[in-house]
Amino acid sequence: MLNRLNHPGAPSVSQMPVAEGKSVQQTVELLTRKLEMLGAEKQGTFCVDCETYHTAASTLGSQGQAGKLMYVMHNSEYPLSCFALFENGPWLIADTNFDVLMVKLKGFFQSAKASKIETRGTRYQYCDFLVKVGTVTMGPSARGISVEVEYGPCVVASDCWSLLLEFLQSFLGSHTPGAPAVFGNRHDAVYGPADTMIQYMELFNKIRKQQQVPVAGIR
């Protein structure tokens, strides 16, 4: 039930470290100021959220099996859709009634406590690039910064990574990320919305694992 009017390009999603001596919000402001100085224009806001479900103990039997984690996600670019992903696959795209279905499936999947994580921020348009800089939060606390950059005219990752890299370097400098793993997995394939959500799932899990250290300590 995808309803974005234009087909997405092949975005890169990455984490921006918090600047030394700055807060998460101050670093976000530094980034957005750089974008505005380049000539990027604000184009509304965005939100991506993720809730974790684990396999119910009653379904695992007595074999000592490890339960699977499922990530139920939403993206404001696709307001009529819901994404459900397992790490390392598989995944599915459903309509928003999937959230209601998860309540009915509580005998099989249970929501992990305090697992909700999301990123919210401003969308910017710069020529053919769509840029989203977001503050990642868990509960009331800011935990990190997400940066998504999409080159609209291209839907094959291998054809546009060099352009994305050049643009990312223009405002991320030494913090420019390497090519996303999903680009390698889908080298010559047409990129789709689920590929973006896989990148956000990986980013959120990375940020969750960093919570043993203060956010300000991330470099």
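Computed from heavy atoms alone, side chains included, the values below leave out hydrogens, waters and symmetry copies.
- In this pair, Y126 and F129 present their aromatic rings parallel. The plane angle is below 30°, not in the 30 to 60° band.
- P193 is listed as a side-chain neighbour of Y78, based on a closest heavy-atom distance under 4.5 Å.
- Inter-residue side-chain proximity for C82 and D99 is flagged as met; some heavy-atom pair is nearer than 4.5 Å.
- Side-chain atoms of F109 and V72, non-hydrogen and from C-beta on, never get closer than 4.5 Å to each other.
- Listed by chain and number, the residues in a salt bridge (charged side-chain N to carboxylate O under 4.0 Å, His left out) with E118 are R120 (sequence neighbours excluded).
- Judged by distance alone, the side chain of S12 and the main-chain N or O of V149 form no donor-acceptor pair under 3.5 Å.
- Proximity of M73 to Y200: side-chain heavy atoms (C-beta onward) are separated by under 4.5 Å at one or more points.
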Determine all donor-acceptor pairs shorter than 3.5 Å in which one atom belongs to a side chain in residues 30-37; sequence neighbours excluded.
from: T32; atom 1: OG1; to: V28; atom 2: O; distance (Å): 3.1
from: T32; atom 1: OG1; to: E29; atom 2: O; distance (Å): 3.1
from: E36; atom 1: OE2; to: Y124; atom 2: OH; distance (Å): 2.9

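- Residues E202 and K206 fail the side-chain proximity criterion, which asks for heavy atoms closer than 4.5 Å.
- In this view, A112 and T52, H54, S115 satisfy the side chain to side chain contact (heavy atoms under 4.5 Å, CB included) rule, not counting sequence neighbours.
- For the pair P11 and Y191, the minimum side-chain heavy-atom distance is below 4.5 Å.
- A side chain to side chain donor-acceptor pair (under 3.5 Å) with R123 holds for exactly one of E41, E77, E148; it is E77.
- N97 CG to L101 CG: the interatomic distance, rounded to the nearest 0.5 Å, is 9.0 Å.
- Every side chain to side chain contact (heavy atoms under 4.5 Å, CB included) that N205 has, sequence neighbours left out, goes to Y71, E87, M201, R208.
- Residues passing the side chain to side chain donor-acceptor pair (under 3.5 Å) test with S146 are T119, sequence neighbours excluded.
- For P153, the side chain to side chain contact (heavy atoms under 4.5 Å, CB included) partners at least two apart in sequence or on another chain are D128, Y151.
- Looking at V147 and H175, their side chains never come closer than 4.5 Å, going by heavy atoms from C-beta outward.
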